[in-house]
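A, B, ... follow the sequence lines: proteins, then strands. Residue 1 opens every chain.
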Amino acid sequence: MNLAVNNQSLFWAAFLVLVALAISLWQKLGLDRDIVIGVLRAIVQLFAVGYLLKYLFRLNNVFLTFAMVAFIIFNAAWNAKKRGAGIANALPISFLAIFVSTGVTLGVLILAGAIRFIPSQIIPISGMIASNSMVAIGLAYRNLNRQFHDQRQGVLERLALGANPLDASIAIVRESIRTGMAPTIDSAKTVGLVSLPGMMSGLIFAGVDPVRAIKYQIMVTFMLLSATSLGSIIACYLAYRSFYNAQLQLK
Amino acid sequence: MSPLMQLRHVGYRTPDKVILTDINWTIPAGAELTVTGPSGSGKSTLLRIMASMISKTSGDLLFAEKPLESYDPIAYRRQVSYCFQQPTLFGETVADNLNFPYQIRRQTPDHDHIVEALTKAGLAADMLDQAVDDLSGGERQRVALIRNILFLPRILLLDEVTAGLDDANKASIHRWLHHLNVDHQLTTIMITHDSAEIHAAPHLVHVTQGRLEVAQ
Ligand SMILES: Nc1ncnc2c1ncn2[C@@H]1O[C@H](COP(=O)(O)OP(=O)(O)OP(=O)(O)O)[C@@H](O)[C@H]1O
Ligand SMILES: [Mg+2]
């Protein structure tokens with residue numbers, strides 16, 4: 001392998017941070033503090049994760065692997081919840097949606113033989129799936145909130161005609177699922193043309209034949225479609241109810 | 001004869017404002033009532049409570065002698081149907097709107113019945129494919145009203161449904177509602193600011209500063 005990043009090369013590369021710092025100070029952007037904190041956090045977090053993963057990979061213990069996946073899913077749910085202000089039970093809903101979307105997607109990949117049941121494959125793939133599901137759910141929540149606000153009158157009229165909450169909100173629910181999935185579908189259309197995504201770049205970097213590397217990227221495309229569609233549909237179908245009270249009135 | 005709906009000491013308040021106070025009102029089956037009163041006096045709020053779109057904060061509301069709370073809200077709203085002040089139509093075409101009452105009952109739309117309702121409302125059958133954005137105010141109002149009565153409720157609550165229409169349109173809606181009242185014993189309660197409608201009202205009710213007075 002031709003991988004050349006080491007402590008010494010990182011030290012020199014850190015001068016790139018000075019570029020950002022200099023711009024911030026020169027243009028009085030007031031970002032210098034955030035840049036320093038951001039860089040320090042990134043270094044500490046990544047070193048911690050690096051050593052943790054090294055340890056987990058060496059132990060190769062099923063329970064620890066699952067614990068790590070659960071930890072990733074919980075963090076993803078926590079972040080998705082932040083986008084769901086005003087949605088009751090956003091944390092358990094997000095957790096369930098990310099758990100199922102990650103579990104199903106991972107399960108299919110393992111059954112298909114695309115990845116092996118070892119921590120060095122399960123954990124990074126889970127992270128990719130969960131984070132994309134998280135972003136999709138966050139977008140879906142934002143759209144639910146916006147549409148229930150903008151389309152309030154239409155929802156009220158459907159309710160007044162005797163529609164149940166799902167019939168009254170189905171257009172909003174569908175639009176929100178679509179919003180959650182849209183970025184994944186868009187990036188599937190442009191993958192390789194606009195950007196060389198992380199998975200494939202990483203493998204090419206590590207010296208893998210590009211024709212082999214793209215196969216991994218194709219797998220990633222498949223798995224993200226499944227993850228974002230499952231995550232969005234579960235989250236939206238569970239979340240729309242929180243816009244109604246017990247008398248099935250719009251809050 | 002037992003009343004169809006009864007309000008006893010009904011009140012409604014928001015955290016910082018009293019909107020309705022001690023409303024006592026008995027609505028006999030088959031009544032044709034008109035409600036009027038100054039803007040902001042609480043007329044729409046009163047009808048929304050009766051339609052279970054919002055919940056009263058005090059008092060009792062009985063429908064067919066049972067408390068509102070004892071009904072499934074969805075079944076109740078199919079019996080006590082509210083037509084909004086300035087309704088919005090949904091979907092793309094008139095048909096989208098008129099099929100909706102069937103969809104929520106998991107029934108296939110009854111085309112003949114829909115066309116019959118359109119005709120009675122003075123609208124042409126070929127309007128079904130028309131885009132809702134192209135409708136005139138009067139057509140829009142009538143399409144919204146047809147949504148409420150394709151499956152006849154027991155009580156129809158009409159919130160200024162004729163506001164902004166010309167006299168011919170108003171008269172045709174009145175005639176139609178009166179027929180429903182006579183032929184199907186549909187109880188109607190209509191809010192209006194229109195002096196001709198107030199003048200012609202068989203039973204008039206005033207709402208003033210959140211209080212109800214029955215006149216005549
Ligand atoms: N959800 C609400 N929160 C706070 N105030 C409200 C709410 N709903 C209604 N109000 C207030 O209650 C009062 C009565 O409103 P309502 O719409 O019932 O009046 P109205 O008699 O129908 O008036 P108009 O003739 O103009 O339609 C108004 O002052 C209105 O601002
Ligand atoms: Mg009003």
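Between the side chains of A:Ser176 and A:Tyr240, no donor-acceptor pair is found at a separation under 3.5 Å. Side-chain polar atoms of A:Thr102 and A:Ser126 form no donor-acceptor pair below 3.5 angstrom. In this model, no donor atom of one side chain and acceptor atom of the other lie less than 3.5 Å apart for B:Asp129 and B:Thr93.
Here the straight-line distance linking atom CZ of B:Arg105 with atom CG of A:Leu161 works out to 8.0 Å at 0.5 Å rounding.
Screening A:Leu91, A:Asn89, A:Ile87 for a side chain to side chain contact (heavy atoms under 4.5 Å, CB included) involving A:Lys81 leaves a single residue, A:Leu91.
Contact count versus chain A (heavy atoms, under 4.5 Å) is highest, among B:Gln86, B:Arg147, B:Gln79, B:Glu69, for B:Arg147. Ranked by non-hydrogen atom pairs under 4.5 Å with chain A, the options B:Phe84, B:Tyr76, B:Tyr82 are led by B:Phe84. Ranked by heavy-atom pairs under 4.5 Å with chain A, the first of B:Ala144, B:Ser55, B:Ala75, B:Cys83 is B:Ser55. Contacts with chain A were tallied for B:Arg48, B:Gln103, B:Met53; B:Met53 has the most, counting heavy-atom pairs under 4.5 Å.
Both the backbone and the side chain of B:Pro87 come within less than 4.5 Å of a heavy atom in chain A.
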